[in-house]
2 protein chains.
Amino acid sequence: MTESPESRCADSRAIALRLAALSHPARIEILKRLSASSCCSCREVVDHLDLAQSTVSQHLKILVEAGLVRFEADRQRSRYAVDHNALAGVSALLTELVNSCCPAPKRQD
Amino acid sequence: MTESPESRCADSRAIALRLAALSHPARIEILKRLSASSCCSCREVVDHLDLAQSTVSQHLKILVEAGLVRFEADRQRSRYAVDHNALAGVSALLTELVNSCCPAPKRQD
DNA sequence: ATCGTCCATCGGCGATAGACGATGGACGGT
DNA sequence: ACCGTCCATCGTCTATCGCCGATGGACGAT
């Protein structure tokens with residue numbers, strides 16, 4: 001056990017934060033769109049999403065701040081791209097959580 | 001491709017809903033606690049969480065409604081237990097999403 | 001019958017999320 | 001120089017979240 005009582009709390013907060021970034025349909029859709037064309041401008045996403053430009057921009061910002069999407073300013077055209085590693089990392093974190101919950105291979109009867 | 005345009009939207013909503021249930025530190029902690037002792041009363045969680053009983057009860061309800069925790073009323077003592085399958089299912093969904101985002105082994109130039 | 005415990009639910013409150021339109025800056029084209 | 005496009009940010013509005021205390025129902029014990 002490398003987990004102290006407080007670090008478990010911190011862990012929970014950390015994973016909760018990342019999952020929160022993913023817990024919105026629009027953001028999931030955005031991720032799919034981004035990955036579909038490897039790199040997207042905001043406009044591209046807006047066209048596809050049926051949301052106002054400002055709203056999409058905000059969602060993108062949230063994804064960037066969560067570290068799931070990388071942003072690169074290309075002149076006036078913004079370029080957003082999925083950070084595959086980070087995304088995989090979140091998935092791994094969740095898997096880890098699930099495993100820590102599921103196995104419990106300690107007999108107790 | 002077995003995905004229609006609308007079903008993709010529905011997919012996003014479905015996974016977002018489940019992830020939302022997981023995107024709160026307290027609920028993560030609750031899951032850990034539940035799995036630690038295989039089955040918990042509300043009281044047990046309250047003692048451990050440093051939150052009001054009503055608050056914990058609400059979080060438990062959210063987890064139950066998300067299908068991640070099963071509820072069984074045992075007399076006056078409530079019994080909550082992690083639904084390992086459901087939890088694994090969410091993890092699988094996320095993994096699937098990540099994979100659908102990452103690989104993209106289609107050359108396009 | 002009465003009390004104590006456990007718990008779900010209600011009502012209220014402050015904070016936050018999510019949506020939008022408007023604004024203004026940066027840039028390309030004419 | 002003047003538009004048109006793209007985009008981030010701001011301000012605003014509403015709905016929802018997260019928390020709490022209070023309430024009341026169900027049950028066990030005395």
Side-chain angles (χ1 to χ4, degrees), chain A residues 9-10 12-34 37-82, chain B residues 9 12-34 37 39-82:
Chain A
C9 252
S12 298
R13 219 174 310 128
I15 189 173
L17 276 179
R18 295 174 198 243
L19 290 182
L22 288 174
S23 66
H24 194 287
R27 291 196 285 270
I28 302 278
E29 285 295 313
I30 289 179
L31 279 184
K32 287 181 181 173
R33 179 61 20 192
L34 290 188
S37 53
S38 86
C39 201
C40 278
S41 64
C42 178
R43 191 89 211 327
E44 216 169 328
V45 180
V46 169
D47 285 342
H48 199 78
L49 246 300
D50 190 49
L51 281 176
Q53 178 265 326
S54 56
T55 305
V56 171
S57 191
Q58 275 187 147
H59 281 306
L60 282 168
K61 189 180 181 185
I62 289 173
L63 287 170
V64 169
E65 282 174 347
L68 303 179
V69 164
R70 263 174 307 182
F71 170 67
E72 198 177 340
D74 175 18
R75 306 294 177 177
Q76 79 198 4
R77 207 107 182 166
S78 60
R79 302 189 80 74
Y80 289 96
V82 175
Chain B
C9 252
S12 298
R13 219 175 310 127
I15 189 173
L17 277 178
R18 296 172 198 245
L19 290 181
L22 287 174
S23 66
H24 193 287
R27 291 198 283 273
I28 303 277
E29 284 295 313
I30 289 179
L31 277 184
K32 287 181 182 174
R33 179 58 24 188
L34 289 188
S37 54
C39 199
C40 278
S41 64
C42 177
R43 193 85 212 329
E44 217 169 328
V45 180
V46 170
D47 286 343
H48 200 79
L49 247 299
D50 190 49
L51 282 175
Q53 178 265 323
S54 56
T55 305
V56 171
S57 191
Q58 276 186 145
H59 281 307
L60 283 168
K61 188 180 180 183
I62 289 173
L63 287 170
V64 168
E65 283 174 346
L68 303 179
V69 164
R70 262 173 308 182
F71 170 67
E72 198 179 341
D74 175 19
R75 306 295 176 176
Q76 78 197 5
R77 206 104 182 171
S78 60
R79 300 190 81 73
Y80 289 95
V82 175

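All chains are named by letter (A, B, ...) in the order of the sequence lines, taking the proteins before the strands, and each is independently numbered beginning at 1. Computed from a predicted structure; not experimentally measured.
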[atom1] of [X] versus [atom2] of [N]: gap in Å, rounded?
| X | N | atom1 | atom2 | result |
| --- | --- | --- | --- | --- |
| F71(B) | dT9(C) | CZ | C1' | 13 Å |
| E44(B) | dC6(C) | CD | P | 11 Å |
| R43(A) | dG4(D) | CZ | C1' | 12 Å |
| L51(B) | dG21(D) | CG | P | 11 Å |
| L17(A) | dT16(C) | CG | P | 13 Å |
| D74(A) | dA26(C) | CG | P | 16 Å |
| R79(A) | dA8(D) | CZ | P | 13 Å |
| E29(B) | dC19(D) | CD | P | 12 Å |

Quiz item: Given side chains that start at C-beta, do those of I28(B) and K32(B) come closer than 4.5 Å, heavy atoms only?
Solution: yes
Quiz item: Does D74(A) have any salt bridge (charged side-chain N to carboxylate O under 4.0 Å, His left out) partners at least two apart in sequence or in another chain, and if so, which?
Solution: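 Result, salt bridge (charged side-chain N to carboxylate O under 4.0 Å, His left out) vs D74(A): R79(A).
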Quiz item: With R70(A), which residues qualify under side chain to side chain donor-acceptor pair (under 3.5 Å), at least two apart?
Solution: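 With sequence neighbours excluded, R70(A) shows a side chain to side chain donor-acceptor pair (under 3.5 Å) to no residue whatsoever.
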Quiz item: Considering residues at least two apart in sequence or located in another chain, which fulfil the side chain to side chain donor-acceptor pair (under 3.5 Å) criterion with R43(A)?
Solution: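 For R43(A) the side chain to side chain donor-acceptor pair (under 3.5 Å) partners, ignoring immediate neighbours, are D47(A).
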Quiz item: In Å, rounded to the nearest 0.5 Å, how long is the span from CG of L31(A) to SG of C40(A)?
Solution: 11.0 Å
Quiz item: Who pairs with E65(B) by side chain to side chain contact (heavy atoms under 4.5 Å, CB included), at least two apart in sequence or on another chain?
Solution: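 So E65(B) forms a side chain to side chain contact (heavy atoms under 4.5 Å, CB included) with K61(B).
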Quiz prompt | Partner set under side chain to side chain contact (heavy atoms under 4.5 Å, CB included) for A52(B), not counting sequence neighbours | solution = S54(B), T55(B)
Practice problem: Side chain of H24(A) only, please: which of dA8(C), dC20(C), dA19(C) is the nearest? | Solution: dA19(C)
Exercise. Output the single nucleotide from dC19(D), dC20(C), dC7(D) whose closest atom is nearest the side chain of S41(A).
Key: dC7(D)
Quiz item: Does R27(A) place a side-chain N or O at less than 4.0 Å from the phosphate oxygens OP1/OP2 of dG18(C)?
Solution: yes
Quiz item: Using a cut-off of less than 4.0 Å, is there contact between a side-chain N or O of Y80(B) and OP1 or OP2 of dC6(C)?
Solution: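 For dC6(C), OP1/OP2 do not have a side-chain N/O of Y80(B) under 4.0 Å.
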Quiz item: In the 5'-to-3' direction, what one-character label does each nucleotide of nucleotides 22-30 of chain D receive under the scheme B = base within less than 4.0 Å of a protein heavy atom, S = sugar-phosphate only, - = no such atom?
Solution: B----BS--
Practice problem: With side-chain contact (heavy atoms from CB on, under 4.5 Å) as the test, would you mind laying out the steps for I15(A) and L22(B) before giving the verdict? | Solution: CA-CA 9 Å; I15(A) 189 173; L22(B) 287 174; over 6 Å; no
Quiz item: Which residue pairs pass the ring-ring contact (aromatic ring centres under 6.0 Å, His included) test with at least one member in residues 50-70 of chain B, sequence neighbours excluded?
Solution: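 Sorted pair list: H24(B)-H59(B).
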Self-check item: Contacting residues from residues 55-63 of chain B, given that a heavy atom lies under 4.0 angstrom of DNA chain D
Solution: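 Contacting residues: T55(B), Q58(B), H59(B).
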